[in-house]
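First the structure, in the form of structure tokens, and then the observations on it.
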Amino acid sequence: MDSFSRFYKKTVEERKNILKELSLYDESLDYVEDDNFFNHIIENFVTTYEVPMGVMPNLLVDGIYYHVPMATEEPSVIAGASHAAKIIERNGGFKVESINREMIGQIIFRDIINPIEFKQQVESLSENIFKVAYDAHPQIHQIGGGLKRLSVEIKSKQFVTLYLIIDTKDAMGANTINTILEAVGNFLVLETQEKVLMRILSNLAIYSLVEVSCKINVTHLKNSNEIGTLIEEASIYASIDPFRCATHNKGIMNGITALMLATGNDTRAIEASAHAYAAITGSYQPLATWRYEEGYIHGLIKIPLQVGTVGGSMNVLPKAKLARKILGVHDAKTLMKVAAALGLAQNFAALYALTTDGINKGHMKLHARSVALQAGANESNIDIVVNHLIEVGHVTLDEAIKFLNTLK
Ligand code: MEV
């Protein structure tokens, strides 16, 4: 019997108990730190800002079930992903097609009078660069990470850029990369007497790509004689119109960003990377695509994910630790796979809804709850207000306030 059966119908306490029984919940992590703690984390701290965190159960990836913590303020995100994940689970789940994981750093030199000569000079210093990188961060090299490759590119306007490809193991590794870049940059300035414009990691993470697929039998879906073609057309359309494609990709990131936020990852890096990669050919393209063939819808997502499972705020914020406990993932590559599968599920949920009932039907009840809360409904009357709003078909703040007044 699936422990998560009708999870969405349970009370908050019941959900916590289900997770606890599976050793996926630790109440000692479920608390809010005090102002003193947060005052050490950011400059000019004033208060904290809460976002709800939920769990999307049973994401089946390469035969393993993950229960995915998601922090999001958007009412329908977890509901949509859960629905899609269930359909895809019945079809055998998600399959990881490929994965790699290395980060990129840039040292940008400026005002180079003879770029060809400079390129050759930097290349000839390659052995020394590896040594400087090692000395800058011996620990990462000792555990098998660190600088792996380098290349030099001549850019326009007398810029020359040295790319360092760095393995940061399970950390997102911004500090590791920047430490190595600064040391190598300083070394090259001394050696070449040329000028550095900047040294910084790149968020266009083309060496941290993960590809995940799924395959859905259309007979499991409503509107089964047309749905395959409609979802394929939705995918094709996203590839020819950037206005639609931005929304298509936003839906994917609804899931991925929620997981990244819950696990204490850098959501801005993940978003920047995803959208830059979507535009890498010069034309903004969908990160997930669908095709219909002989009764099956085939989905594929290919996305860069610069994630980490150690370091940064992850080992500091109690809720990030709790999210990691729920997810049970301790290495970056597995987190990449789960995040990509979640993005594909989220995209399927959106396209399935959009090409059948439209987005409002599924959203309405959840939307009505947030409207009722805005109008001042509480635990004792929220369900009555939500039912009323749905019944009259006006999910508006005015209607909710008017109705609440009649209850008083
Ligand atoms: C809403 O947050 C996300 C969607 O607009 C995504 C999409 O249109 O594909 C539903």
Side-chain angles (χ1 to χ4, degrees), residues 8 51-56 59 68-88 94 212-214 216 218 221-223 226-262 267-268 270-275 277-279 283-292 297-303 305 339-371 373-374 395:
Y8 69 104
V51 176
M53 179 164 110
V55 174
M56 200 232 58
L59 187 79
V68 185
M70 297 171 74
T72 177
E73 87 302 341
E74 190 170 328
S76 56
V77 165
I78 298 180
S82 303
H83 181 48
K86 206 174 280 171
I87 293 172
I88 295 166
F94 298 90
V212 168
S213 68
C214 67
I216 303 168
V218 288
L221 304 175
K222 59 188 161 199
N223 195 8
E226 232 194 338
I227 192 66
T229 308
L230 294 176
I231 288 186
E232 180 174 84
E233 284 183 6
S235 173
I236 293 169
Y237 189 80
S239 72
I240 61 167
D241 178 357
F243 288 89
R244 170 59 207 153
C245 194
T247 324
H248 179 101
N249 287 343
K250 186 271 184 184
I252 293 169
M253 300 315 288
N254 270 345
I256 294 178
T257 303
L259 169 60
M260 292 302 123
L261 187 60
T267 54
R268 289 82 54 213
I270 302 289
E271 297 266 355
S273 193
H275 295 291
Y277 182 70
S283 135
Y284 185 72
Q285 289 296 307
L287 293 160
T289 51
W290 300 87
R291 78 189 153 76
Y292 178 51
I297 306 174
H298 300 260
L300 183 69
I301 185 167
K302 189 170 184 188
I303 187 168
L305 288 165
L342 177 62
L344 192 56
Q346 204 81 56
N347 186 230
F348 179 74
L351 301 190
Y352 188 28
L354 287 166
T355 57
T356 52
D357 301 327
I359 210 71
N360 263 352
K361 191 175 170 208
H363 280 213
M364 218 26 107
K365 193 148 190 185
L366 293 159
H367 177 54
R369 290 191 87 76
S370 82
V371 170
L373 281 174
Q374 271 181 68
V395 185

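For ligands, and for the atoms within them, numbers begin at 1 and follow the listed sequence.
Close contacts of ligand 1 with His248, meaning ligand atoms under 4.0 Å from a residue heavy atom, involve 9 (O). Close approach of ligand 1 to Leu354 (heavy-atom distance below 4.0 Å) involves ligand atoms 7 (C), 8 (O), 9 (O).
Side chain of Gln346 to main chain of Gly80: no donor-acceptor pair is present (N/O by atom type, distance under 3.5 Å, no hydrogens or angles). A donor-acceptor pair under 3.5 Å is formed between the side chain of Thr247 and the backbone N or O of Phe243.
Proximity of Asn347 to ligand 1, defined as any heavy-atom pair under 4.0 Å, is not found for any part of the residue. At a 4.0 Å heavy-atom cut-off, ligand 1 does not touch Val77 at all.
A 4.5 Å side-chain heavy-atom check between Ser239 and Thr289 finds every atom pair outside the cut-off. Proximity of Lys222 to Ile227: side-chain heavy atoms (C-beta onward) are nowhere separated by under 4.5 Å. The shortest side-chain heavy-atom distance between Trp290 and Ile216 falls under the 4.5 Å cut-off. Residues Ile231 and Phe348 meet the side-chain proximity criterion, which asks for heavy atoms closer than 4.5 Å.
Counting only heavy atoms of the protein, atom 3 (C) of ligand 1 lies nearest to Asn254 ND2, 3.5 Å. The protein non-hydrogen atom at the shortest distance from atom 5 (O) of ligand 1 is Thr247 CG2, 3.5 Å. Residue, atom and distance of the protein heavy atom nearest to atom 10 (C) of ligand 1 are Ile359 CD1, 3.7 Å.
Considering each of Met253, Glu74, Arg244, the one bringing a non-hydrogen atom nearest atom 8 (O) of ligand 1 is Arg244.
Residue contacts with ligand 1 do not include Gln346, since none of its heavy atoms lies under 4.0 Å from the ligand.
Going from atom OG1 of Thr229 over to atom CZ of Arg291 covers 13.5 Å, rounded to the nearest 0.5 Å.
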